[in-house]
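Heads up, the thing below is written out as structure tokens.
Numbers here simply count residues along the sequence, with the first being 1.
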Amino acid sequence: MKVGVLASGTGTNLQAILDRVHGREGVDVVAVASDQPSAKALKRARSAGVPTAVFAQNEYAARADRDRAMAEWLAERGVELVVLAGYMRLLSPEFLERFPQRVINVHPALLPAFPGLDAVDQALAYGVKVFGATIHFVDEGVDSGAIIFQRGVELADATSADEVMAAIRPIEHELLCRAILAISRGAVSGDPDHPRRVVVRDRA
Ligand code: GRF
């Protein structure tokens, strides 16, 4: 299965994919794209020999134009699964139509709590005692697609986002890699009786 990754920032999730999934069980990362020319994720991809491209919004008249160019670039590389690994922009409906049920995202909260930006700060401000990470399919809403994996971590005394992220990051990396492998094995499907429920027949 050919994987394309979109990332806007540091790219630790991308690095986990490159280290743990790339080149295994027929899964290959064949493209990494970013909206940010200076994203560290791009450097990580280049170091692994993976083709990269930048689709900066200021070079396109509209989001749909940028997304069309990005979808075209990914499709040219044969991408079958698009992984949002810290990609900080909403994708247009047209982009999602090009990759139906084939775009997944990692979010640093237990959805449906705290969607959108600054999820960990939202959770801290709310005073929650359990934080967590979610891997989900991407739909047209904000972090609203069907959930593939989720795990919580109790941090009753956490006061800073750094502290929470230090606990959540390894969970994100593990669950995102697991989700990619499970999708490539054909082990992830929808429950016909319950459209929001994802069934994973996972070995791990
Ligand atoms: C992760 O926390 C992810 O949940 C969120 O953005 C962050 C990206 O981190 N969507 P990294 O760039 O993979 O290190």
Atom [atom1] in [X], atom [atom2] in [Y]: separation rounded to 0.5 Å?
X: Ile183; Y: Arg102; atom1: CD1; atom2: CZ; answer: 6.5 Å
X: Ser160; Y: Met165; atom1: OG; atom2: CE; answer: 11.0 Å
X: Arg20; Y: Gln15; atom1: CZ; atom2: CD; answer: 10.0 Å
X: His173; Y: Leu14; atom1: NE2; atom2: CG; answer: 9.5 Å
X: Glu163; Y: Leu124; atom1: CD; atom2: CG; answer: 8.0 Å
X: Thr12; Y: Ile17; atom1: OG1; atom2: CD1; answer: 9.5 Å

Looking only at non-hydrogen atoms, find the nearest pair between [X] and [Y] and report the distance.
X: Asn13; Y: Glu172; answer: ND2-OE1, 3.1 Å
X: Pro93; Y: Glu140; answer: CB-OE2, 3.5 Å
X: Ala39; Y: Ala7; answer: CB-O, 4.4 Å
X: Ala75; Y: Arg98; answer: CB-NH2, 3.4 Å
X: Ile168; Y: Gly132; answer: CD1-O, 3.5 Å

side-chain hydrogen bond (donor to acceptor under 3.5 Å, both in side chains) partners for [X], two or more places apart:
X: Arg66; value: Gln57
X: Arg197; value: Asp191
X: Asn105; value: His136, Asp143
X: Arg89; value: Asp35

Practice prompt. Identify which one of Val3, Val188, Ile148 satisfies the side chain to side chain contact (heavy atoms under 4.5 Å, CB included) criterion when paired with Ile104.
Written response: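 Output: one option passes, namely Ile148.
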Apart from [X] itself, residues in the same hydrophobic cluster as defined by side-chain heavy atoms under 4.5 Å:
X: Leu117; result: Met88
X: Phe55; result: Leu6, Val30, Tyr60, Met70, Trp73, Leu74, Val79, Val82, Leu84, Tyr87, Leu91, Phe95, Leu96, Phe99, Val103, Val138
X: Leu90; result: Val142

Practice prompt. Would you check if there is a donor-acceptor pair between the side chains of Arg201 and Ser189 at a distance under 3.5 Å?
Written response: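 Looking only at side-chain atoms, Arg201 and Ser189 do form a donor-acceptor pair, the distance falling under 3.5 Å.
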Discussion item. Among residues at least two apart in sequence or on other chains, which ones pass side-chain contact (heavy atoms from CB on, under 4.5 Å) with Ala56?
Written reply: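 With sequence neighbours excluded, Ala56 shows a side-chain contact (heavy atoms from CB on, under 4.5 Å) to Val54, Asn58, Glu59, given in chain and number order.
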Item to complete: With sequence neighbours excluded, tell me which residues meet side-chain contact (heavy atoms from CB on, under 4.5 Å) with Ser184.
Response: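 Ser184: side-chain contact (heavy atoms from CB on, under 4.5 Å) contacts with Met1, Val27.
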Worksheet item: Who pairs with Phe137 by ring pair (Phe, Tyr, Trp, His ring centres under 6.0 Å), at least two apart in sequence or on another chain?
Response: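 Per chain and number, Phe137 pairs via ring pair (Phe, Tyr, Trp, His ring centres under 6.0 Å) with no residue.
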Discussion item. Going by the rule ring pair (Phe, Tyr, Trp, His ring centres under 6.0 Å), which residues pair with Phe114 if we only count those two or more places apart in sequence or in a different chain?
Written reply: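 So Phe114 forms a ring pair (Phe, Tyr, Trp, His ring centres under 6.0 Å) with Tyr126.
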Can I get a per-line list of side-chain donor-acceptor pairs under 3.5 Å for residues 151-158, giving both atom names and the distance, sequence neighbours left out?
unit_1, atom_1, unit_2, atom_2, d
Arg151, NH1, Glu174, OE1, 3.2
Arg151, NH2, Glu174, OE2, 2.9

Worksheet item: Looking at Arg68 and Glu94, does any basic side-chain N land under 4.0 Å from a carboxylate oxygen?
Response: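 Looking at Glu94 together with Arg68, the answer is no, because their closest N to O distance does not fall below 4.0 Å.
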